[in-house]
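Before any comments, here is the structure.
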Amino acid sequence: MALKKILIITYYWPPAGGPGVQRWLKFAKYLPENGWTPTVFTPDNPSYPIVDDTLEKEVSKDLQIIKTKIWEPYQLAEIFGKENKKFKAGQFDVGTNQNWKSRLSIWVRGNFFIPDARVFWVKPSVKYLRKYLEENDFNAIVTTGPPHSLHLIGLELKKTFPKLTWIADFRDPWTEISYYRHLKLTPAADRKHRKLEKQVFEGADIILATSYTDAENFRKKGANSFCITNGFDGMATSNRVRNQKFTLSYIGVLEQLRNPEILWDVLEDLIKNDMEFRSKFELKFVGRIDDKILSHIDTLELNKYVRNLGYLNHAASQNEMQSSDLLLITNFPDEQSRGIIPGKIFEYLATGNSILSFGPENSDVMSILNDTGAGRHFPYHVTPSEIKQFILSEFNKWKDSDEVPAESREVSKFSRKKLTEQLAKLLDSSVGDQLSR
């Protein structure tokens, strides 16, 4: 039986690094095992905030990849200040860290580029893909955002090809994302964002969310929404020799809106007042840590115990996860971020190491940690003594053992293979419904 065909429309694709590329790179890897042949449509000259050339090795030689040129206005933003480079990754200065150039750049970004600065790729992509889809038979298309402008490509293609199943994949929410309220939107710009979001929710055959709460929220807005989380791929757990230092690690991008200042205060207190902890502790950063966060830590005694490795490729980052004793994950503090599940948590889970999490109460991350017994989740307003108690309990487990046993957890449902099976079932069902209409 011939495989069904799916067109994946994505901005992030190797050599892009970071979490945005992983989801559909892995789906494309396992879809052929589930009856689907993927084709990828992606920009030819994107402006990626992070590059990881090693991920290109994971792209199948049999995968067809189509590329067209894109124009992005980030060079214009950088004229106002080099710090605006972080716009590419959806980050920017907040609060007292904003100068007038940052405030102006954020206002321009939010009000002139709707929904985002990749919007200039929409029209040429629609024109190109209309012709391509007329000449090639496909059963389904996927648009994945952010950047959410890619969903506008799907919206237009669905009008031309109504029988084609369209999945709009939201790796992050659109108007419910925490930084949305920091975009300094005019009422007219806010209405336009919400109008476009509504059109996508109502126009797509399936809306995919990466968290349970987001899927529920999308359904309340009229979407036919399902949750397929992110996951891990091929990481094995095993015992390892204990580190010489008790190592607390953060892997990934850490911006100001997710800065766990209370943790730095707790660690500062432990270093100043617990001689044994001070002699055996290390804080390891792997990835892009906001300069303002690093500048604050520089003012603390804690700074002497920091090892900042900078950005590493995905494989090297996984090795650093495995060799840590406690893994840190942070989320935005506000209630509307309860549904955000940072993709790294699944690779954290696969290591068998304990996890320390910060974010809103009753979050999806908290549920996952409770269900798997993998660590503790704290709201940002928790008392420092609770965090201190948890860290010391992990420290004591570490120092009392010469070998670090990987915790056995039931996490197989988060494997990329299992998640792709879920996706294929959704696709099969939707395509069947379209054909019966």
Side-chain angles (χ1 to χ4, degrees), residues 18-20 22-23 26-27 169-173 176-178 208-219 225-237 248-254 258 260 263 287 317-318 321-322 324-382 386-387 390-391 393-394 397 405-423:
Q22 293 289 331
R23 183 169 172 84
K26 302 301 185 180
F27 281 146
D169 175 57
F170 282 77
R171 301 190 315 278
D172 286 321
E176 300 302 322
I177 192 73
S178 285
L208 279 188
T210 57
S211 76
Y212 316 110
T213 297
D214 283 348
E216 181 181 348
N217 289 339
F218 295 165
R219 283 191 290 270
S225 183
F226 300 85
C227 173
I228 297 183
T229 67
N230 290 308
F232 63 88
D233 188 29
M235 292 184 68
T237 59
L248 167 61
S249 297
Y250 183 90
I251 317 290
V253 176
L254 182 59
R258 297 186 295 110
L263 174 62
S317 295
Q318 286 182 318
M321 291 181 198
Q322 293 275 18
S324 299
D325 302 295
L326 184 60
L327 293 164
L328 172 63
I329 193 166
T330 69
N331 202 345
F332 303 107
D334 47 284
E335 179 71 10
Q336 68 186 37
S337 299
R338 288 190 306 112
I340 294 178
I341 306 176
K344 71 170 71 67
I345 191 174
F346 303 105
E347 293 183 334
Y348 277 13
L349 288 172
T351 67
N353 296 326
S354 291
I355 298 170
L356 170 60
S357 170
F358 289 90
E361 289 186 281
N362 302 315
S363 65
D364 287 7
V365 167
M366 180 178 177
S367 296
I368 289 172
L369 292 181
N370 289 343
D371 290 345
T372 59
R376 284 284 304 277
H377 176 83
F378 295 97
Y380 286 98
H381 58 72
V382 71
E386 294 180 65
I387 303 170
F390 173 73
I391 292 173
S393 69
E394 293 297 318
K397 284 193 293 185
E407 295 288 342
S408 177
R409 301 167 184 153
E410 183 45 56
V411 297
S412 61
K413 65 181 179 180
F414 298 122
S415 73
R416 298 286 188 179
K417 278 194 172 186
K418 291 287 187 183
L419 296 168
T420 308
E421 289 174 11
Q422 292 181 38
L423 173 63

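All values below come from the heavy atoms of this structure, side chains included, with hydrogens, waters and symmetry mates left out. Each residue takes its place number in the sequence, starting with 1.
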Testing the basics here: between [X] and [Y], what is the closest heavy-atom pair and its distance to 0.1 Å?
X      : Y      : result
Tyr250 : Leu328 : CD1-O, 3.4 Å
Ile345 : Ile368 : CD1-CG2, 4.4 Å
Val365 : Ile340 : CG2-O, 3.6 Å

Heavy-atom donor-acceptor pair, [X] side chain to [Y] backbone, under 3.5 Å:
X      : Y      : result
Ser337 : Pro333 : no
Arg258 : Val253 : yes
His377 : Ile355 : no
Ser324 : Leu327 : no
Arg416 : Gly231 : yes
Gln336 : Glu176 : yes

For residues [X] and [Y], determine if any side-chain heavy atom of one lies less than 4.5 Å from a side-chain heavy atom of the other.
X      : Y      : result
Thr372 : Leu349 : yes
Arg376 : Leu369 : no
Phe232 : Thr351 : no
Phe414 : Val411 : yes
Ile341 : Phe346 : yes

Output the distance between atom [atom1] ([X]) and atom [atom2] ([Y]), rounded to the nearest 0.5 Å.
X      : Y      : atom1 : atom2 : value
Met321 : Gln318 : CE    : CD    : 6.0 Å
Lys413 : Gln422 : NZ    : CD    : 9.5 Å
Ser249 : Asp325 : OG    : CG    : 8.0 Å
Asn362 : Ser367 : CG    : OG    : 7.5 Å
Asp334 : Tyr380 : CG    : OH    : 9.5 Å
Asp233 : Ser415 : CG    : OG    : 8.0 Å

Legend entry - Qualifying residues under salt bridge (charged side-chain N to carboxylate O under 4.0 Å, His left out), relative to Glu216, sequence neighbours excluded: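 Applying salt bridge (charged side-chain N to carboxylate O under 4.0 Å, His left out) to Glu216 gives Lys220.
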Can you list everything that forms a side-chain hydrogen bond (donor to acceptor under 3.5 Å, both in side chains) with [X]? Sequence neighbours excluded, please.
X      : answer
Asn331 : none
Glu335 : Arg338
Thr213 : Asp364
Thr210 : none

Inset, instruction - Answer with yes or no whether the side chains of Glu361 and Ser363 bring together a donor and an acceptor at under 3.5 Å. - result: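 Per modelled atom types, Ser363 and Glu361 side chains form no pair under 3.5 Å.
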Inset, instruction - Only counting residues at least two apart or in another chain, list the ones meeting ring pair (Phe, Tyr, Trp, His ring centres under 6.0 Å) with Phe332. - result: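 If we apply the ring pair (Phe, Tyr, Trp, His ring centres under 6.0 Å) test to Phe332, skipping adjacent residues, there are no hits.
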Legend entry - ring pair (Phe, Tyr, Trp, His ring centres under 6.0 Å) against Phe170, all qualifying residues, sequence neighbours excluded: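 Expected list: His148, His151, Phe201, Phe218.
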Partner set under side chain to side chain contact (heavy atoms under 4.5 Å, CB included) for [X], not counting sequence neighbours:
X      : answer
Ser317 : Ile251, Val286, Leu312
Asn370 : Met366
Asp172 : Pro146, Ile177

Inset, instruction - For the pair Asp169 and Arg23, find out whether any cationic side-chain nitrogen is under 4.0 Å from an anionic carboxylate oxygen. - result: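 Here Asp169 pairs with Arg23 in a salt bridge, since their nearest N and O are under 4.0 Å apart.
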Inset, instruction - Check step by step if side-chain hydrogen bond (donor to acceptor under 3.5 Å, both in side chains) holds for Ser412 and Glu410. - result: CA-CA 6 Å; Ser412 61; Glu410 183 45 56; 2.6 Å; yes
Legend entry - Stepwise side chain to side chain contact (heavy atoms under 4.5 Å, CB included) check, Lys344 with Ile329: CA-CA 8 Å; Lys344 71 170 71 67; Ile329 193 166; 3.9 Å; yes
Inset, instruction - Begin with the C-alpha distance, continue with both residues' side-chain angles, and end with the deciding distance and a verdict on side chain to side chain contact (heavy atoms under 4.5 Å, CB included) for Phe390 and Val382. - result: CA-CA 12 Å; Phe390 173 73; Val382 71; over 6 Å; no
Inset, instruction - Let me see the working for Ile228 and Thr420 under side chain to side chain contact (heavy atoms under 4.5 Å, CB included), right down to the final yes or no. - result: CA-CA 9 Å; Ile228 297 183; Thr420 308; over 6 Å; no
Inset, instruction - Please test Thr330 against Leu254 for side chain to side chain contact (heavy atoms under 4.5 Å, CB included), starting from the C-alpha separation and ending with a verdict. - result: CA-CA 8 Å; Thr330 69; Leu254 182 59; 3.4 Å; yes
